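Keep in mind that this is a model prediction, so the values were computed, not measured. These numbers come from the heavy atoms of this one structure, side chains and all, not from hydrogens, waters or symmetry mates.
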Amino acid sequence: MAASAGGSPAPAVEAPAPQLEAPTVEPGSVSAERGARGDNRAGRLSFCTKVCYGVGGVPNQVASSATAFYLQLFLLDVAQIPAAQVSLVLFGGKVSGAAADPVAGFFINRSRRTGSGRLMPWVLGCTPLVALAYFFLWFLPPFTSLRGLWYTTSYCLFQALATFFQVPYTALTMLLTPSPRERDSATAYRMTMEMAGTLMGAAAHGLIVSGAHGPHRCEDAALPGPVAVSPDATRLYSIAAAVVALTYPVCSSLLYLGVKERPDPSSPASGQGLGFLAGLGLTVRHPPYLKLVISFLFISAAVQVEQSYLVLFCTHASRLHDHVQGLVLTILVSAVVSTPLWEWVLQRFGKRMSAFGICVMVPFAILLAAVPTAPVAYVVAFGSGVSIAVSLLLPWSMLPDVVDDFQLQHQHGPGLETIFYSSYVFFTKLSGAGALGISTLSLEFAGYEAGACKQAEQVVVTLKVLIGAVPTCMILTGLCILMVGATLKEPSQDTSRPLSLRRLLIYLHDPEHLLCLVTHKAAPPHHTSFKFQIYMSGSHMDIST
C-alpha cells in the first residue's frame, strides 16, 4: 500500500460515492497479502477488550441461572403459590421478555449515536432498573391473597428490563470488529464468561438459600399438607437477591470502561437506515435466519425445561434432595469447561458439525428419569453440561454469519443487527414461555400441592416425563430442522469480500473526521485496483491497493 500526500481537498459533494463492488484480487499477489494483513490489524481485538466484553454479559446470566433453577421451587414451596398461578407467573414473565425484544429493537434502531455509541447508553441506562426488579422478584410480601399478582408483575418487569439490557449488549458483537474470526473469538469469550456467570449465579444463590430447603423442614410435620415457611427463608432469599443484583452495576461499569463501540460498519454513521418494521419483514423472510430461529425454538425450550425441573425432580421425584447443589454445580462447571473446547471444534470442523454435540443431552436425560440414583445423576449432570454449552454457543456464533449473508444481499442502512438479535431472542423466549407454562400447568393437573413434603405418584411420573421425554423430543426436532437444506457458507477472512472492505474503511479511521470516496481505477486484465481518496483535517492522500 503506497500513499502520497499533496494537493488541496476537493469538495465532498463533487464526487458522490458509488456502490462498492466485490473486487477480484489475484490470490498470490502482493496486494492481496497486504490487504489481508491490513484487515487483520484493523479488526484485531485485544485480550482486555474481549474479557471486558464478556464480563458485560455476566449479570443477566447470573440472574437467569438463579431464576432457572430456583424460581419455581421458591414460588411453590416458599411463597406457596398454587401451581396454576406459578404457570401464569412463568408464562407471563417469558412473554413479557419476548414482547420487549422487538420493542427494544425498534427503539434502539431509531436511536442516534452518542459520544458513548448507539448501543452502550441503553445498557448503562437499564442497569439500575433491572437490578431493582430482580431484587423484588425474590421479596416475600406480607399479604398472601395477591402474591400471584405480585410475582407476575415483578417477573414481567424483570424480564422486560433484562431484555432492554441484553439486546443492545448482544448486538454489540457486530460493532466490535470487521473480522468474522475475531467476532467468533469475542463470542467465545462472551459465552465463557456467561457460563462462568451462570455458575456463579447458581452456586451463590444455592449456597445462600440451601438452609431454607433442607430435609429438616419436614421432620416436624405431623400431618400431610403444606409446611409452614421457615422464618429464615425470606431473609436468605433477600440476601441472595441482593448479591445477584449487585453484579449489574459492577459488570456494566467494566463493560463501559473496557469496550469501545465502533460505528455501524455497513453504512455511514449518519445514515438513517431501514425502518424497523420493514427490516423485520425482510429478516424473517431470509431463509438461513428462518431455519436458525425455528431449530433453536425447540432446542432452547428443551434446555429451559431441563433446567427448570431439575431441582423439582431431585426434591420430589427422587431421593436426591441432598445432591441438588452438587448436581447444579456439576452441570454448570461442565458447561464452563467445555465451552472453549466447543469453540475449537466449531472452528476446526464447522458450525453445522458442532450441532451434533447437542445430542449428548438426549440419552442422559432419559437415563436420569429411568435410574435416578446419585452416581448416575452426576454422570448425567456432566453430560448435560457439555450439551448445554454447545446449544448456547452455537446460535450466537451463527447469527453474525447470517447477518453478514443478509447484508451482502440487501444493501441497507445501519441498525439491522439489532433487528436480527432482538427478533431471535423474541422467538426463543416465546417458545420457552409456552414450554414452561404448559409443563408447569401439567403439575397442577397431576395434583401438585404447594409446600407439601411428599407429592402424589402422578406428580412423580409427570416430573419424570418433563425431565426426560420432553427435552428429548424437542432436541431431536430442532436438530432435524437445522440439518435440513443447504448450509450457510461461513464467511472467509478474504479481504476481497465487499463487506470486509467496507468495514475496513470504517474502522481504519474515525468516521466523524473522515470521508472516503471510492472510485474505480483502470487496471490490467485479471487485476482490479481501487483508488481511495481520503479527505481528513485538510490533507489529501491517494491510497491505491
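- Taking the side chain as every heavy atom from C-beta outward, V345 and M353 never approach each other to under 4.5 Å.
- Side-chain atoms of S65 and Y70 form no donor-acceptor pair, as typed in the model, at a separation below 3.5 Å.
- Taking CD1 of I481 as the reference point, atom CD1 of I294 lies at 6.0 Å (rounded to 0.5 Å).
- A distance-only check finds no donor-acceptor pair linking the side chain of S431 to the backbone of F298 [under 3.5 Å].
- S334 places a side-chain N or O within donor-acceptor distance of the main-chain N or O of V386, the cut-off being under 3.5 Å.
- Of the possible donor and acceptor atoms, one in the side chain of T67 sits under 3.5 Å from a partner among the backbone N and O of A63.
- With T330 contributing its side chain and G326 its backbone, the two residues share a donor-acceptor pair below 3.5 Å.
- At a threshold of 4.5 Å between non-hydrogen side-chain atoms, the residues Q72 and V311 do not count as touching.
- Put simply, the residue from L161, V62, L129, V244 that forms a side chain to side chain contact (heavy atoms under 4.5 Å, CB included) with Y134 is V244.
- T315 places no side-chain N or O within donor-acceptor distance of the main-chain N or O of L312, the cut-off being under 3.5 Å.
- Once rounded to the nearest 0.5 Å, the distance linking OG of S442 with CG of L463 reads 8.0 Å.
- Proximity of P168 to L172: side-chain heavy atoms (C-beta onward) are nowhere separated by under 4.5 Å.
- Formation of a donor-acceptor pair under 3.5 Å by the E194 side chain with backbone atoms of Q61 is not found in this model.
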- Task: May I have the step-by-step check of side chain to side chain contact (heavy atoms under 4.5 Å, CB included) for T440 and E444, ending in yes or no?
- Result: CA-CA 7 Å; T440 307; E444 177 74 13; over 6 Å; no
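- Considering only heavy atoms from C-beta on, V390 stays 4.5 Å or farther from F356 through its side chain.
- The nearest pair of heavy atoms linking K50 to S185 is NZ-OG, 2.9 Å.
- Y289 pairs with exactly one of F296, F420, F406 by the ring pair (Phe, Tyr, Trp, His ring centres under 6.0 Å) rule, that one being F420.
- Using cut-offs of 30° and 60° for the angle between ring planes, the F158 and Y155 rings count as parallel.
- Panel note: side chain K291, backbone V484; a donor-acceptor pair is recorded below 3.5 Å.
- Checking each of F139, F69, Y151 against F74 for a ring pair (Phe, Tyr, Trp, His ring centres under 6.0 Å) leaves exactly one that passes, namely Y151.
- In this structure, a donor-acceptor pair under 3.5 Å is present between the side chains of T127 and S252.
- Shown here for M398 and L482, the closest heavy-atom pair between the two residues is CE-CD1, 4.3 Å.
- The shortest side-chain heavy-atom distance between T339 and W342 does not fall under the 4.5 Å cut-off.
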- Message: One pair to check against side chain to side chain contact (heavy atoms under 4.5 Å, CB included): L476 and T472. What are the steps and the verdict?
- Response: CA-CA 6 Å; L476 294 178; T472 296; 4.1 Å; yes
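- Residues G385 and S338 share a closest heavy-atom pair of O-OG, 4.1 Å.
- Annotation: side chain of Y169 is not in contact with side chain of W122 (no heavy-atom distance under 4.5 Å).
- Not a single donor-acceptor pair under 3.5 Å links the side chain of S87 to the backbone N or O of A83.
- With hydrogens and angles disregarded, no donor-acceptor distance shorter than 3.5 Å links the side chain of T49 to the backbone of V259.
- Between V58 and G197 the shortest heavy-atom distance is CG1-CA, 3.9 Å.
- Closest heavy-atom contact between L394 and S354: CD1-CB, 4.5 Å.
- Between the side chain of S439 and the backbone N or O of L436, at least one donor-acceptor pair lies under 3.5 Å.
- For the atom pair CD1 (I358) and CD1 (I299), the distance works out to 4.0 Å, reported to the nearest 0.5 Å.
- Here the straight-line distance linking atom CG of L90 with atom CD of Q159 works out to 9.5 Å at 0.5 Å rounding.
- Taking each heavy atom of S318 and P372 in turn, the nearest pair found is CB-CB, 3.7 Å.
- The distance from atom OH of Y424 to atom OG of S300, rounded to the nearest 0.5 Å, is 5.5 Å.
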- Item | Residue pair D405, H286: steps toward the side chain to side chain contact (heavy atoms under 4.5 Å, CB included) verdict | CA-CA 9 Å; D405 182 76; H286 190 54; 2.8 Å; yes
- What do the steps show when you test L254 against V51 for side chain to side chain contact (heavy atoms under 4.5 Å, CB included), and what is the final call? CA-CA 9 Å; L254 292 176; V51 170; over 6 Å; no
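- Here the CG-CG distance, from L132 to L157, works out to 11.0 Å after rounding to the nearest 0.5 Å.
- Considering only heavy atoms from C-beta on, E306 comes within 4.5 Å of I467 through its side chain.
- Few gaps surround OH on Y378; more than 12 heavy atoms of other groups in view lie less than 6.0 Å from it.
- H205 and W138 have tilted rings, their planes meeting at an angle from 30° to 60° on a 0 to 90° scale.
- With a 4.5 Å cut-off on side-chain heavy atoms, Y248 and N60 count as touching.
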